[in-house]
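Index from 1, following the sequence. Counting convention: from 1, in listed order, for ligands and their atoms alike.
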Amino acid sequence: MFYKSTRNSNLKVDSAQAISQGISEDGGLFVPESIPSLTLDEVKYMSELSYSCRAAYVFKKFLTDFTDAEIQYCTDNAYNTKNFETENIAEIAHLFDGTYMLELWHGPTCAFKDMALQILPYFLTTSAKKLNIDKKIVILVATSGDTGKAALEGFRDVEGTQIMVFYPENGVSSMQKRQMTTQEGENVSVCAIKGNFDDCQSGVKKIFTDDEVKKVLEDNKLMFSSANSINWGRLVPQVVYYISAYASLVSDGQISLGDKLNVVVPTGNFGNILAAYYAKKMGLPLGKLICASNINNVLTDFINTGVYDRNRKFYATSSPSMDILISSNLERLLYMLTGDNDAKIREWFGALASEGRYEVTDDIKAKISEEFYAGFCDDEDTKKTISSIYEKYSYVCDTHTAVAVKVYEDYRKATGDTTRTLIASTASPYKFSSSVLEAICPCFSADDEYALVDKINELSGITIPESLAGLKNKPVRFSGSIDKESMSDYVMEQLDVK
Ligand SMILES: *Cc1c(COP(=O)(O)O)cnc(C)c1O
């Protein structure tokens, strides 16, 4: 299996190369040249396996240049009870009739990003070894809150790597900030940017492609890679949990093998929902893929009209991990839907870079509507949804997941579709304590983050994750913030090379 660049179909690399590079030199994203198939018999077979073995089974189809032993080394080290609170790795909660919450937040940083970022460092170091790369790998991360911490935990003290994380100074929850600024490890640094997530993301992209920086890296035996979902090594682990969830629902007798299952995903960078699309294209019987946005609803508009237009106001919302106006992974979807038309992708994404806008053709628009439904939910409705789910089902969900639930309710009302449905629950409610409590216990107020955490614990009965409880007494190591123009200098300083 080879991987092509979305901006140059003639460029082909194996998965080790795609993962270690992160992004193609032409600015394109790596995509598999074909989608491997998955039969219902295989799904049935997988239902008997542990999560780690299910993951290995899927990886063997995509990472064909890895040996079985290499894949097992990666999955064994990532998906175990040292890293995850639960043996199942991901849990499924039955919310109401035919609706299931896929809880993807039982990992070390309490958000779904752990599902991929616990394994990415093993993929990356294994890839580097396979390619005889003897350079230190420098990971630059732009984060809207959750990726940063998950990447820091994944890469901390991993030999041969160094990691730097940039987050928007006022764009993350206080728990997210505390998680990052207290990060331990000798090879980590964290820096706040005076700007929003898109500023962080474009800053990082600029450093990646800066010729002067490239020369400095070359001279110092360093190389950049990415832990953002532009890296194929981030996406392929996300395909696993959709297949795994389907297999679990079959073995639990909730669905029969072959039944359709809709999927709802609270979406920002379009990585998570794209993984569901890959699973569907492999042959998993998924129905509609429902893309839920917050008020930064650029994707809702795109899916409904075919026009992608980022020229709009940026809002800081109560679901900050989705406060994004440039959804990178859409490029992969469009590449597939155009039949690998790299010229079209260059045209559209060139226009996005220069004018902030592009419009796809009618046939592509039709193909998108066949597979996807899109809706959005503002902060007020997010709050109401958290509160009503709590009242009706005694289930406490975080703000991002609530956006998904609300859009799903709207979808059911609009279409009457009662197909059984899996909702991706992407973060622990403890990460967004103050917004969650505002919804379920509006009279409660406290200055101390941990008083909020204790209150949620009292109301929900969900055990407080040790990783969050433990932050209380950890010293802040990274308190600085810089202008977005200074990111490149900051990187040079941290690398200690200039
Ligand atoms: C990152 C994130 C999202 C958005 O996922 P994408 O793959 O970027 O679409 C949603 N919810 C939470 C909690 C996240 O951390």
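- The aromatic ring centres of Phe166 and Tyr490 sit less than 6.0 Å apart.
- A 6.0 Å sphere centred on NZ of Lys474 holds more than 12 heavy atoms belonging to other residues, nucleotides or ligands.
- Qualifying ring pair (Phe, Tyr, Trp, His ring centres under 6.0 Å) partners for Trp232, counting only residues two or more places apart in sequence or in other chains: Tyr3, Phe62, Tyr278.
- No more than 12 heavy atoms of other residues, nucleotides or ligands lie within 6.0 Å of CD in Glu87, so this atom counts as exposed by the packing criterion.
- You'll find the ring centres of Phe372 and Phe270 inside the 6.0 Å limit.
- Within a 6.0 Å radius of NZ in Lys367, other residues, nucleotides and ligands contribute more than 12 heavy atoms.
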Any protein N or O within less than 3.5 Å of an N or O in ligand 1? List each pair with its distance, or say none.
from: ligand 1; atom 1: 7 (O); to: Gly271; atom 2: N; distance (Å): 3.3
from: ligand 1; atom 1: 7 (O); to: Asn272; atom 2: N; distance (Å): 2.9
from: ligand 1; atom 1: 8 (O); to: Asn269; atom 2: N; distance (Å): 2.7
from: ligand 1; atom 1: 9 (O); to: Gly268; atom 2: N; distance (Å): 2.7
from: ligand 1; atom 1: 9 (O); to: Asn269; atom 2: N; distance (Å): 3.2
from: ligand 1; atom 1: 9 (O); to: Phe270; atom 2: N; distance (Å): 3.1
from: ligand 1; atom 1: 11 (N); to: Thr426; atom 2: OG1; distance (Å): 2.9
from: ligand 1; atom 1: 15 (O); to: Lys113; atom 2: NZ; distance (Å): 2.6
from: ligand 1; atom 1: 15 (O); to: Asp146; atom 2: OD2; distance (Å): 2.5

